[in-house]
Amino acid sequence: MSQPNQKYEESQLYRIRHSAAHIMAQAVLEFYPGTKYTIGPPVENGFYYDFELPEQITQEDLEKIEKRMRQIIAGHHEFRKEVISADQARKVFEDQPYKLELIEGLEKGGLDEYGEPLDVKPEISLYRHDTFTDLCRGPHVENTKQINPAAVKLMSIAGAYWRGDEKNKMLTRIYGTAWEKPDDLKHYLKMLEEAKKRDHRKLGRELEIFIFDDEVGPGLPLWLPNGGILIEELEKLAKEMEERAGYVRVRTPNLSKEDLFVHSGHLPYYAESMYPPMELEGVKYYVKPMNCPMHHKIFAARPRSYRELPLRLAEYGTCYRYEKSGELFGLMRVRSMQMNDAHLYVAEDQFEDEFMGVIGLYHEYFKLFGIEKYVMRLSLHSKAGLGKKYVDNERLWLKTEDMVRHAMTSHNVPFVEAQDEAAFYGPKIDVQIWSVIGREFSLATNQVDFAQPARFDLKFVNKDGREEMPLVIHRAPLSTHERMVGFLIEHYAGAFPVWLAPEQVRVIPITDAQNEYAVQIESQLRAEGVRAGADLSSERMNAKIRNAQLFKVPYMLVIGANEAAAGQVSLRARDGSQQNNIPLGEFMARVKDRIIRRAADL
RNA sequence: GCCCAUGUAGCUCAGUCGGUAGAGCACACCCUUGGUAAGGGUGUGGUCGUGGGUUCAAUUCCCACCAUGGGCUCCA
């Protein structure tokens, strides 16, 4: 959703939204004199503007701001651009410290309004309309009459750090949305409504997949039986795929002595997101935030030969990370997580094959799940972060980043690059996806690690009998169970394919007289490994169907006197399709086929 | 962690301008035995997020905390 789209920046819609942001800023300044204004760009579905306000505002205040915006729009004001010198700009914005800071950045050349480096030193320009003047490079509409006032709406108030840095002051951000036509706005609001219906937090409760409990703690999900089934099916899938790809499975404890994380180098980079240590008999123990150091220990357990490489150690390891309270988000961001983890120990000349093998695994999974909307992102280090966020070895950073870039390019896998997104030990390919409410997450990840092998003194004996250091690939194609299930709930809107569905078949007797037959069918299905249940409640058949439908059970077997007498079933699928009087064996074959093939169709 | 908002039954919500609360669904029981998305009745269920304060009296007002939601920051 926030995928780069060059056309958007050139579109009329972009101009409308950018201009709406200016108009909103004008209205806010009128209502709240003394407001310091900062920046207000268009974003994917609208725009925002960040202010430092002299007083707090609430959701209700948005109405009057919105009303005033419509008046301003109705004034048919022209947007006028003016190119000026830095000194002139400083004069215009003498009361506006944030603008002065921006002018500083522009003048030095180098920094745009987000503090991002620019290639060329930009000209300094103003855009004026009505009484409002902003430091701005445009573009805008020519006249406010090009904005349809009925297609503009203010959405929400939020906090945002100045320049996105949590050390800076928290500003007030107002989000709005704007469209070319009122119908587009209506459509967008409708989409938001629809998205809410497939929110995994809502469906997770309705479909009895998981809950959170205050006494257990935030970010610590409890998996209900239906969630347990989803997890086990995913795990089964992962094991099959990994076995085929030559992985071996290991198991490691949930906690270890502090020494391990000192050794791995995690503590200085990671301590903040780790649960605090527990101390026993003078020794500190941590619950593990990741599995890699333990896997490294397994690699180092005895001398290794090049003949063993690549060595692929896999584990669904449960990790605990103390994510900051505001970062928690349903299942997508939790504090206890089961990672689809593996570490591949490879010689340098095996790197590309292995790295791309993992990417291949991604593609296989995504095809199976029908996941099409994602972006692969090459996450790079930043020079400024060396020694702080990132291991201080620029040479190896550049080298490994190049290796990944080369591997991806030569295999024609599309990707984007992003600065300052790497792991502390190396660059990675992250697969970015979006939750239904539009929040971006990394689903899968495929990481290079040049730092930990050195710290753990990992080595293998090469062909020439000399010791060599392996590279490590950290990978999690199925993410964590938590995030993956959260994502899949939304992806399928809760209507899981048969192989994943917690309840695959529900038998619905029409009257009590068929209860016995229903139970008999249920147990036959179960005997064949099909997850079936019989609804023996005293509801009417219609209500039983409704309940099964609400639970998104793929198959309903409706049986009345006729079916019982003939030893047959009537099938109603989740999609409403119906097939009457079929032999149970025929239905059984169909279900088992879908399960074995992990088919998407019913 | 930061900004803002919210917190009433398992769920979705109403309500009390301070006198300890109500609906629908769910659940239990009874009646109903019905052909592809809700049959009817009765009933159970809440120290109104938690802890303080003000008050004769607090679910309601004030404060703190906790949790959740929308963002920011961060991330599998």
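Below, chains carry the letters A, B, ... as their sequence lines are ordered, and counting in each starts from 1.
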Check your understanding: Looking at B:rA76, B:rA37, B:rG34, which one has an atom nearest to any side-chain atom of A:R546?
Key -> B:rA37
Practice item. Would you classify A:A543 as touching base, sugar-phosphate or nothing, given that sugar-phosphate means primed atoms plus P, OP1 and OP2, and contacts are heavy atoms under 4.0 Å? Key: sugar-phosphate
Check your understanding: Taking any strand in view, what nucleotide pairs with B:rC29 in a Watson-Crick or G-U wobble way, both distances under 3.5 Å?
Key -> B:rG41
Point to revise | Stepwise side chain to side chain contact (heavy atoms under 4.5 Å, CB included) test for A:Y286 and A:L255 | key: CA-CA 5 Å; A:Y286 282 92; A:L255 46 76; over 6 Å; no
Review point. Taking the side chain of A:R201 as heavy atoms from C-beta outward, which of B:rU73, B:rG69, B:rA76 is closest to it?
Key: B:rG69
**Study point:** Between A:R572 and A:Q549: side-chain donor-acceptor atoms closer than 3.5 Å
**Key:** yes
Check your understanding: A:R572 side chain N/O closer than 4.0 Å to the phosphate oxygens (OP1, OP2) of B:rA37?
Key -> yes
**Study point:** Contact under 4.0 Å: A:K428 side-chain N or O vs B:rA76 OP1/OP2
**Key:** yes
Practice item. Pick base, sugar-phosphate or nothing for A:R173, based on heavy-atom distances below 4.0 Å to the nucleic acid. Key: sugar-phosphate
Review point. Do any side-chain nitrogens or oxygens of A:Y175 fall under 4.0 Å of OP1 or OP2 in B:rC72?
Key: yes
Exercise for review: Select base, sugar-phosphate, or nothing to describe what A:T172 touches, counting heavy atoms under 4.0 Å on all strands.
Suggested key: nothing
Review point. What does A:N580 touch in the nucleic acid at a heavy-atom separation under 4.0 angstrom: a base, only the sugar-phosphate, or nothing?
Key: base
Practice item. Please confirm whether A:Y374 and A:F366 have ring centers closer than 6.0 angstrom. Key: yes
Practice item. Nearest-nucleotide wise, let me know which of A:F329 and A:A423 is further upstream toward the 5' end of RNA chain B. Key: A:F329
Exercise for review: Go ahead and name the base partner of B:rA76; Watson-Crick or wobble counts if both distances stay under 3.5 Å, otherwise write none.
Suggested key: none
Point to revise | Side chains of A:L344 and A:V358 in contact at under 4.5 Å (non-hydrogen atoms) | key: yes
Exercise for review: Give one of base, sugar-phosphate or nothing for A:E52, where a contact means two heavy atoms less than 4.0 Å apart.
Suggested key: nothing
Practice item. For A:G164, report the nucleic acid contact type (base, sugar-phosphate, nothing); a contact means any heavy atom under 4.0 Å. Key: sugar-phosphate
**Study point:** Interatomic distance at C1', B:rC65 relative to B:rA9, whole Å
**Key:** 24 Å
Check your understanding: Taking the same atom, P, in B:rC63 and in B:rC3, what whole-Å distance lies between them?
Key -> 16 Å
Review point. Is any N or O donor-acceptor pair between the side chain of A:Y161 and the base of B:rG1 shorter than 3.5 Å?
Key: yes
**Study point:** Same-atom distance (C1') from B:rC25 to B:rA38, integer angstrom
**Key:** 10 Å
Check your understanding: Between A:R205 and B:rU12, is there a side-chain N or O to OP1/OP2 distance below 4.0 Å?
Key -> yes
Practice item. Decide yes or no, distance alone: a donor-acceptor N/O pair under 3.5 angstrom between the base of B:rA76 and the side-chain of A:E323. Key: yes
Exercise for review: Identify whether any heavy atom of A:N542 sits under 4.0 Å from a base atom; if not, whether one sits that close to sugar-phosphate; answer base, sugar-phosphate or nothing.
Suggested key: sugar-phosphate
Practice item. Would you classify A:A158 as touching base, sugar-phosphate or nothing, given that sugar-phosphate means primed atoms plus P, OP1 and OP2, and contacts are heavy atoms under 4.0 Å? Key: base
Review point. With respect to the phosphate group of B:rA37, does any side-chain polar atom (N or O) of A:R574 fall under 4.0 Å of OP1 or OP2?
Key: no
Exercise for review: Between A:M170 and A:T511, just flag the one whose closest nucleotide in RNA chain B comes earlier from the 5' side.
Suggested key: A:M170
Review point. Is A:S479 touching bases, backbone alone, or none of the nucleic acid, heavy atoms closer than 4.0 Å?
Key: sugar-phosphate
Check your understanding: Is the gap between the ring centers of A:H266 and A:F424 under 6.0 Å?
Key -> yes
Exercise for review: Tell whether A:E563 reaches the base of B:rG35 with its side chain through a donor-acceptor pair below 3.5 angstrom.
Suggested key: yes
Review point. A:D341 near the nucleic acid: base, sugar-phosphate alone, or nothing, with a heavy-atom cut-off under 4.0 Å?
Key: nothing
Review point. For A:Y270 and A:P289, which heavy atoms make the closest approach, and how far apart are they?
Key: CE2-CB, 4.0 Å
